[in-house]
Amino acid sequence: MARPESTPHMPPIEIPALKDYSPGALDGFFGEILALFDQDASAATTVETVEELRIRWIGRKQGLLTRISEVLKGAPPEARREVGIRFNALKSAIEPRCDPEQLKATAPVTDAIDITLPGTRRALGAEHPLVRTMHEIVSVFRNLGYSVEEGPVIETDYYNFEALNFPPNHPARDTQDTLFIAGQESKPQRDRLLLRTHTSPVQIRTMEKMKPPLRIVIPGKVHRNDAPDATHSPIFHQVEGLAVDTDVTFSDLKGTLDHAMKALFGSSVKTRFYPSFFPFTEPSADVQISCIFCGGKGYRDGNRCPNCKSSGWIELLGCGMVDPNVFGFVDYDSTKVSGFAFGMGVERIAILKYGVDDIQLFYQGDVRFLEQFL
Ligand code: DAH
């Protein structure tokens, strides 16, 4: 029988003898060949020796498979089918293992990994600047003994407006500002769903389930029907606060917010309370802080300060003493308790703290912007 050339690394192979073409004899013949191949292939562990294996077994001219097919040509017609099936199975078992690519999949681990190389580092994630600012605000109040409450973003007209003492035709209920959920017309007005326009409804939800005294902060997402631009977004965030106890006064409100603003913007910041109006507080005030860009002077480097329009003050949040009508909605006795509330925009505070000039940057998910907050 023909003896193929031996290769530099592999001894010559002798094709086994085939006694007859019965299925049993064929199985034995092909089994022996496969065993020979296995033995040969186990020595092929480099690109070079796999190439030798390929030439030796499936090389077009001298390859063992070619020689085996020649031997099998002598098969009688009735055995051809059985021979063909076995030959094809042998071929498909051998061919893929003669491809140097398979070395990559089966190579021993020590060859594939150089453990002296530095590891693959995953970039550390960071808190989103809005989440970070929200946490910062919340922690200022937690340090004062406030606890955190949350409520639903999809709210009813009752919690968002009615129980907060918004009169039935208050302009804030207008579709200009509020995003209403469609198809609510068959419900009574107070049950109709909308996207909450502020975090204040959680004041009501909390007072319904907790008796005074209470001190809570409420971080959360809110929506208004505003077209997005550099200073507006239909989705934004607020942190609300509420303190109710006996003898809570406007001085407590002033002292608390003055402390909070100093904690957030630095101890040199001053606060000023400016008369305002909110349906759920009486009296109400807007809190202004001394301009953090010009130090409250109104001028910077001899020029008018653009950030405070040279007024020296920046308006930051709303607040006031809880209106007794609100206590009426939650069964608190307004002759025994009093309270103050406040609400601030998280974006607005983050914009001031970090000098961001476009609110949209917070929502675009651009890593080049976000990684500055690592
Ligand atoms: N809810 C108000 C708004 O979104 C902010 C606000 C003002 C909240 C005064 C309060 C408050 O709790 O007392 O504009």
Side-chain angles (χ1 to χ4, degrees), residues 134 137-138 140-141 144 146 148-153 155-167 170-174 176-179 194-207 214-226 231-245 248-258 260-261 271-289 315-327 329-330 332 334 337-349 359:
M134 197 135 82
I137 301 167
V138 165
V140 168
F141 289 96
L144 294 174
Y146 285 59
V148 179
E149 288 291 329
E150 286 180 306
V153 175
E155 194 45 286
T156 61
D157 186 281
Y158 177 77
Y159 286 110
N160 198 76
F161 293 128
E162 189 178 334
L164 286 164
N165 201 35
F166 281 81
H170 192 282
R173 293 180 171 214
D174 194 37
Q176 294 294 312
D177 284 325
T178 306
L179 289 160
L194 46 81
L195 299 182
R196 69 177 178 193
T197 56
H198 49 179
T199 41
S200 308
V202 190
Q203 289 189 27
I204 306 297
R205 289 182 172 277
T206 309
M207 287 191 282
L214 58 82
R215 288 191 295 270
I216 54 164
V217 265
I218 305 150
K221 187 187 288 187
V222 303
H223 294 77
R224 302 236 179 124
N225 188 14
D226 281 328
T231 53
H232 294 85
S233 163
I235 306 173
F236 57 104
H237 301 80
Q238 291 186 334
V239 176
E240 186 89 10
L242 174 69
V244 184
D245 204 339
V248 174
T249 68
F250 201 90
S251 306
D252 297 319
L253 171 60
K254 284 188 80 172
T256 303
L257 290 181
D258 186 71
M261 293 305 114
T271 53
R272 157 167 115 164
F273 289 69
Y274 211 77
S276 183
F277 173 80
F278 300 99
F280 39 93
T281 44
E282 181 60 33
S284 303
D286 283 327
V287 183
Q288 303 176 347
I289 60 166
E315 197 171 297
L316 207 54
L317 68 143
C319 67
M321 301 305 291
V322 179
D323 192 303
N325 287 349
V326 171
F327 286 142
F329 280 99
V330 294
Y332 276 24
S334 63
V337 294
S338 55
F340 62 73
F342 54 86
M344 58 191 96
V346 177
E347 278 79 351
R348 178 133 176 77
I349 291 176
I359 197 173

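Computed over heavy atoms, backbone and side chain alike; hydrogens, waters and symmetry mates excluded. Atoms within a ligand are numbered from 1 in the order they appear, just like the ligands themselves.
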Discussion item. In terms of relative ring orientation, are Tyr332 and Phe327 parallel, tilted or perpendicular, with 30° and 60° separating the classes?
Written reply: parallel
Worksheet item: Side chains of Phe277 and Pro279: closer than 4.5 Å at any heavy-atom pair?
Response: yes
Discussion item. I'd like to know if the side chain of Glu240 and the backbone of Ile218 have a donor-acceptor N/O pair within less than 3.5 Å.
Written reply: no
Item to complete: Sequence neighbours left out, what passes side-chain contact (heavy atoms from CB on, under 4.5 Å) with Thr281? Give chain and number order.
Response: Phe278, Ser284, Ala341
Worksheet item: Does NZ or CZ of Arg205 fall inside the cone over Tyr159's six-membered ring, less than 6.0 Å from its centre and within 45° of the axis?
Response: yes
Worksheet entry | Residues in the immediate environment of ligand 1 (any heavy atom closer than 4.0 angstrom) | His198, Ser200, Gln203, Arg224, Gln238, Glu240, Phe278, Phe280, Thr281, Gly318, Cys319, Gly320, Ala341, Phe342, Gly343
Practice prompt. Give me the ring orientation class for Phe141 and Tyr146: parallel if the planes are under 30° apart, tilted from 30 to 60°, perpendicular past 60°.
Written response: perpendicular
